Structure formats: structure tokens, C-alpha cells
Amino acid sequence: MKKFAFALAALISACASVQSDYTKFDSLPADTRGSTIAIVPLGDQNGSAAWEAYASEVARGLAQHGFSRVEIEDGPKYVGVISYGAGETKESTSYLPQYGQTGGGTSYTTGYGYGGSYTATTYTTPTYGVTGYIPVRQSVTDRYFSLR
């Protein structure tokens, strides 16, 4: 498994961070210059705007290896089948510590005694530590993209 950043990730999730793992099981022929490929959808993804965006991105990548995209009716040398989708979304919550002053500092005292009223100021070295926790919620959705 390899980690990768791919322009396709931006299409899959425009507003969220994406971490992708992939396994590569291909070997292109030695010379693909001038080869034609038709990119077709799997099942009910035909005609989808998302599918066309993915197909266009794949075609741009394959063009760097000498392929040109054609329609299936044009009798391409290769056919690429694209499939994509999403699994269930899992929600999780973790907690980050919040740090602040936990004690010490300046304190003021006033009162009344035998000689009248008094005011006192005391100072001790402040102490710092965890003052609470902030919840952090995360949604993770498994997605897949396959080109055969």
C-alpha cells in the first residue's frame, strides 16, 4: 500500500481532508504511443456528472502515457472501466486537552478587624495545567475508485 496525493482526491471530497491508500496491479505495454482507449462506466454510473469528471481526469493521466480517449463505437485498442462509490460513514469523537492557569497568581482580600477595615494583596507563582477538554468530532467515509 502506498500513500499518495492525487488530483482525483479533490474531486471526491472538495471540503474535507482526504487520506488515500492504493494498491497498484498494472503493467502498461512498453510502447503505448498512439494507443486508443474508451473509458466506460460500470452499471448505473453512466451519464453521471461525477463519472464524467473521473473519466476526464483518468484520460488526462493516460494521455501522459501516449493514450488518446475515443468513444467505444470508434473501436479502441483498449477499454477502461471506471467504478466508484462510498461505504458507510463512521463518526468518532476524541478529546483534546485545554490548557490554562490552574492556581496561584494575585489575590485580593478585604475585611474588618479590631482596628477597622483592611485590604491585602498576595501573590504566588501561577501554576498551569489541563483545565478541561474540547470534543473533536470526525466523520470518516470509506470511498473506492477502480479503473480496470
Side-chain angles (χ1 to χ4, degrees), residues 1-110 119-148:
M1 300 288 238
K2 297 179 182 177
K3 302 282 183 199
F4 74 101
F6 190 62
L8 197 52
L11 294 171
I12 294 171
S13 180
C15 298
S17 63
V18 175
Q19 178 181 346
S20 300
D21 295 323
Y22 78 100
T23 304
K24 184 177 175 182
F25 296 105
D26 70 40
S27 60
L28 292 173
D31 185 16
T32 55
R33 285 175 292 165
S35 294
T36 57
I37 186 167
I39 302 173
V40 298
L42 183 65
D44 63 348
Q45 296 171 344
N46 190 21
S48 140
W51 180 87
E52 186 53 48
Y54 297 145
S56 295
E57 186 69 27
V58 167
R60 279 192 289 279
L62 290 173
Q64 295 175 6
H65 295 281
F67 287 93
S68 60
R69 183 179 179 187
V70 298
E71 296 300 320
I72 193 74
E73 297 84 18
D74 297 331
K77 183 172 183 179
Y78 297 97
V79 175
V81 179
I82 290 178
S83 174
Y84 63 92
E88 72 178 82
T89 299
K90 296 174 186 153
E91 306 284 336
S92 66
T93 302
S94 57
Y95 296 89
L96 292 176
Q98 181 176 7
Y99 293 92
Q101 188 171 342
T102 57
T106 304
S107 61
Y108 303 96
T109 305
T110 59
T119 301
T121 302
T122 57
Y123 177 81
T124 57
T125 303
T127 57
Y128 297 91
V130 176
T131 58
Y133 294 89
I134 300 169
V136 177
R137 291 176 182 83
Q138 181 178 27
S139 297
V140 176
T141 304
D142 291 331
R143 300 182 189 276
Y144 69 90
F145 177 86
S146 174
L147 170 64
R148 296 183 192 117

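As the structure is a prediction and not an experimental result, all values here were calculated from the model. Every heavy atom of this structure was used, including side-chain atoms; hydrogens, water molecules and symmetry mates were not.
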Smallest heavy-atom separation, Thr124 atom then Gly104 atom, equals OG1-CA, 3.1 Å
How long is the gap from CZ on Arg33 to CZ on Phe67, to the nearest 0.5 Å? 12.5 Å
Heavy-atom nearest pair, Ala86 first then Tyr144, reads N-CE2, 4.1 Å
Is the backbone of Arg137 close enough, under 3.5 Å, to the side chain of Glu91 for a donor and an acceptor to pair up by distance? no
Shortest non-hydrogen separation from Ser107 to Thr122 and the atoms involved: OG-OG1, 2.6 Å
Taking all non-hydrogen atoms of both residues into account, name the closest pair between Thr89 and Ser139 and its distance. CG2-CB, 4.0 Å
For the side chain of Thr127 and the backbone of Gly103, is there at least one donor-acceptor N/O pair under 3.5 Å apart? yes
To the nearest 0.5 Å, how far apart are CD1 in Ile82 and CD1 in Ile39? 5.0 Å
Is it the case that the side chain of Thr93 and the backbone of Val136 share a donor-acceptor pair, with hydrogens and angles ignored and the cut-off at 3.5 Å? no
Taking only residues two or more places apart in sequence or in another chain, which ones pass salt bridge (Lys or Arg N to Asp or Glu O under 4.0 Å) with Glu52? Arg69
Roughly how far, to the nearest 0.5 Å, is OG1 of Thr131 from CD of Gln101? 10.5 Å
Contact between Val81 and Leu147 at the side-chain level, heavy atoms closer than 4.5 Å - yes or no? no
Hey, are the side chains of Ser35 and Tyr78 touching, using non-hydrogen atoms and a 4.5 Å cut-off? yes
Measure the spacing between CD1 of Ile134 and OG of Ser94 and express it to the nearest 0.5 Å. 11.0 Å
Measure across Thr36 and Pro76 and return the closest heavy-atom pair with its distance rounded to 0.1 Å. OG1-CA, 3.3 Å
Under 4.5 Å between any side-chain heavy atoms of Arg148 and Leu42, yes or no? yes
For Ile37 and Leu62: C-alpha separation, side-chain torsions, deciding distance, then whether side chain to side chain contact (heavy atoms under 4.5 Å, CB included) applies. CA-CA 9 Å; Ile37 186 167; Leu62 290 173; 3.7 Å; yes
In sequence, state the C-alpha distance, the side-chain angles, and the governing distance for Tyr128 and Tyr99, and then conclude on ring-ring contact (aromatic ring centres under 6.0 Å, His included). CA-CA 7 Å; Tyr128 297 91; Tyr99 293 92; over 10 Å; no
Evaluate the side chain to side chain contact (heavy atoms under 4.5 Å, CB included) criterion for residues Val40 and Val79: first the C-alpha distance (whole Å), next the side-chain angles of each, then the deciding distance (0.1 Å), finally the verdict. CA-CA 7 Å; Val40 298; Val79 175; 3.8 Å; yes
Kindly indicate whether the side chain of Ser48, heavy atoms from C-beta on, has any atom under 4.5 Å from the side chain of Tyr84. yes
Under the criterion side chain to side chain contact (heavy atoms under 4.5 Å, CB included), I'd like the reasoning laid out for Tyr54 against Ser83: C-alpha separation, chi angles, the key distance, then a yes or no. CA-CA 9 Å; Tyr54 297 145; Ser83 174; over 6 Å; no
